[in-house]
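In what follows, every chain begins at residue 1, and chains take the letters A, B, ... in the order their sequences are listed.
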Amino acid sequence: MHRVLLRRLEGGHVEARDRTDDGAPAGVARLGPGELAGYVAERERAGVRWVWDDTTRWYPALLASGVRVERCTDLRLGHAVLRRSPFLDRALLTGPDTPGWDALAPAEPGDAALFPLTDPADALDPGAEEDRQRAAVAASPQRGRLALLLAAESSGALAAAEMTATGLPWRADVHERLLTELLGPRPAPGLRPRELERLAGEVRAELAAPDLNPDSPAEVLRALQAAGLAVADTRSWTLERIDHPAVPPLLEYKRLARLLSANGWAWLDTWARDGRFRPTFLPGGVVTGRWASSGGGALSVPTLVRPAAVADEGRRLVVADVAQLEPRVLAGMSGDTAMAEAARAADLYEGMVAGGAVATRAEAKLGILGAMYGGTRGESGRMLPRLARRYPRAISLVEEAARAGERGEVVSTLLGRGSPPPTGAWAQRPLDLGEAPEETGPRADRDRDRRAWGRFTRNFVVQGTGAEWALCWLADLRNRLWRLGEGPLEQRPHLVFFLHDEVVVDTPEELAGAVVEEVHRSAGVAGRLLFGTFGVDFPLDVAVVRSWADAG
DNA sequence: GCAATACGCGCC
DNA sequence: AAAGGGCGCGTATTGC
């Protein structure tokens, strides 16, 4: 299959340079302004891999022209992975414009001009960068894993752009009805909705603080303390333990005020235009490899407003999520057969109980989450020795990652994404071995920072490998969905939302059953891509629904 | 006056 | 002995 390298030229022209599989030159085309979409659509028929500096700089405009591409190489994302990978000889990746690639940021939706003249990307040579990346990967002892990671990352970039382009169907009328029921009618600008005003009045009366602004944590804290309550902050879980008549209306106020500010009428005006919610997804936006997002708070769409995500007439949403992704990934990457055995159950925590490791599901969950996050206080800490006996390989993997982080070393995901090197002052000093710990002072601060970094690297290996599993799942599913349908992307079954371990597919009603099958098949493919023949199950909860809220 | 930071809370 | 990972976003508050 040919690789076609696209490069922006002056005046809106584009150069398309063909290479054969083994890298030999195979022709070059110069395209005038406006000719790109037609050219790409034509070349897609035979199948090519597009090589470009950055998907966010090319693909949105192609999608807007109705052109979908099958595969690409995203050099920006590839560079970001490879420059940090411990599996790689960094010298092979270094070239004259490496600092430019290091600094390259994704284009933002506002930069809608297809070829901004001042784009720093235009100073970079994509052909040279592709050569360096391929040479560096080919020389790596882990070239297979790295190649998989780069392919998945590029595929994810395509999926991300497609999800923004098609959008998640969003019924403003349903959302508005929900707001009115909970908050009262939409207030004039600057005024509180009726229900918030009522609750604020109750809180003021109960605290004998007639001028209290319940939106000010500092004021609320002072008022609570003046009422004789021993609280140090105003967080909900702190207040929940306080027995005082001001607390219930205050908690309700906070809940509804949160809804208003995060997903109220202003959110609707800004983000639910034309019946679609279109956040920007940022593949690789988190150091662990998870996606970040911007616009509309896509990473935290509250369950409270999910009833407004409703498929169009004649269509359905297929909502699928993985049960306990990260513990399953930990079982796979550590090769822990006992934990993989527990993962054979649809509920991994019940599987742990059945395997005799712990007595209850709650203990299993606490213990595993503590092992992955580094929480060892209280009950999760008491679970750890038992888990370590029953699941020695899994537990030692995360413990080793924590110790490596505390030593200032870099850790890696299964496919080779490296953790960032530590920057804190503690990292410049060796471990204070054999010295008595201190309660306070600079060394106590360093120890605390060191342990915090260990918790980060402990979690990095699991969260990052979980992100790799999810990315493979997403990439394989994307291709399967395309083959299920006909016509333009938005008419076929297509991804509309992705959140760490959950996908939402928008599909014609009659294809929903087929989509469910493909979602399961993709999960199987992802498991085999990462863990080969070491059997770890990744069971899915899948629902075919009209509204997102009806899933799970 | 605007920009940066802190707080709090939603999601996984 | 103590030890809870990753985000985005809106409001209030602080800093310049």
* Asked: A:Pro217 has a side chain; which of C:dA3, B:dC7, C:dG8 sits nearest to it?
  -> B:dC7
* To do: Ignoring the backbone of A:Gln463, work out which of C:dG5, B:dC9, B:dC12 is nearest its side chain.
  => C:dG5
* Asked: When you compare C:dG4 with B:dC12, how far apart are their C1' atoms, in angstrom units rounded to a whole number?
  -> 15 Å
* Do A:Arg258 side-chain and B:dC9 base share a donor-acceptor contact under 3.5 Å? -> yes
* In whole angstroms, how far is the P atom of C:dG10 from the CH2 atom of A:Trp267? -> 12 Å
* Just checking A:Gly285: base, sugar-phosphate only, or nothing, at a heavy-atom cut-off of under 4.0 Å? -> nothing
* Asked: Which part of the nucleic acid, if any, lies within reach of A:Arg455 when heavy atoms closer than 4.0 Å are counted: base, sugar-phosphate only, or nothing?
  -> sugar-phosphate
* Structure fact -> Rounded to whole Å, the CG-P distance (A:Leu384 to C:dA2) equals 17 Å
* Please give, in whole Å, the distance from B:dG8 P to A:Glu219 CD? -> 14 Å
* **Straight-line distance of A:Leu530 CG to A:Leu148 CG, nearest 0.5 Å** => 6.5 Å
* To do: Any chance you could measure A:Glu350, atom CD, to A:Thr360, atom OG1, to the nearest 0.5 Å?
  => 9.0 Å
* Between atom CZ of A:Arg76 and atom OG1 of A:Thr56, what is the distance when rounded to the nearest 0.5 Å? -> 5.0 Å
* Structure fact -> A:Ser236 has its side chain closest, among B:dC9, B:dC11, C:dG4, to B:dC9
* To do: Could you grab the distance from atom CG of A:Leu471 to atom CG of A:Leu149, nearest 0.5 Å is fine?
  => 7.5 Å
* **Nucleotide nearest A:Ala292 when distance is taken to its side chain, options C:dG6, C:dG8, B:dC9** => C:dG8
* Asked: Out of C:dG8, B:dC9, B:dC12, which nucleotide sits closest to the side chain of A:Arg235?
  -> B:dC9
* In whole Å, what is the span from the CD atom of A:Glu406 to the C1' atom of C:dG5? -> 15 Å
* Asked: In whole Å, what is the span from the CZ atom of A:Phe497 to the P atom of B:dC12?
  -> 9 Å
* **Integer-rounded Å distance: B:dG10 P and A:Leu259 CG** => 10 Å
* Asked: From B:dC11, C:dG8, C:dT11, pick the nucleotide closest to the side chain of A:Ser293?
  -> C:dG8
* Asked: Is the shortest side-chain N/O distance from A:Lys254 to OP1 or OP2 of B:dG8 below 4.0 Å?
  -> no
* Asked: Sub-3.5 Å donor-acceptor pair from the side chain of A:Thr465 to the main-chain atoms of A:Leu414, do we have one?
  -> yes
* Could you please spell out the steps behind the ring pair (Phe, Tyr, Trp, His ring centres under 6.0 Å) verdict for A:Trp473 and A:Phe538? => CA-CA 11 Å; A:Trp473 182 38; A:Phe538 289 89; 9.6 Å; no
* What nucleotide among C:dT11, C:dG5, B:dC12 has an atom nearest to a side-chain atom of A:Glu502? -> B:dC12
* Structure fact -> Out of C:dG4, C:dT11, B:dC12, minimum distance to the side chain of A:Ser261 belongs to C:dT11
* Could you state the atom-to-atom distance from CG of A:Leu499 to P of C:dC7 in whole Å? => 14 Å
* Short side-chain N/O contact from A:Asn213 to OP1 or OP2 of C:dA12, under 4.0 Å -> yes
* Tell me what A:Val462 touches on the nucleic acid: a base, only sugar-phosphate, or nothing, going by heavy atoms under 4.0 Å. => nothing
* Asked: For A:Tyr373 and C:dG4, are the ring centres under 5.5 Å apart with planes inclined under 30°?
  -> no
* To do: Calculate the interatomic distance between A:Tyr253 atom OH and C:dT11 atom C1'; express it in whole Å.
  => 10 Å
* A:Gly295 near the nucleic acid: base, sugar-phosphate alone, or nothing, with a heavy-atom cut-off under 4.0 Å? -> sugar-phosphate
* Asked: Is the distance from OP1 or OP2 of B:dG10 to the nearest side-chain N or O of A:Thr303 less than 4.0 Å?
  -> no
* 5' priority, DNA chain C, between A:Thr288 and A:Ser294 [closest heavy atom] -> A:Thr288
* Describe, in one word, how the ring planes of A:Trp267 and A:His175 are oriented to each other, choosing from parallel (under 30°), tilted (30 to 60°) and perpendicular (over 60°). => tilted
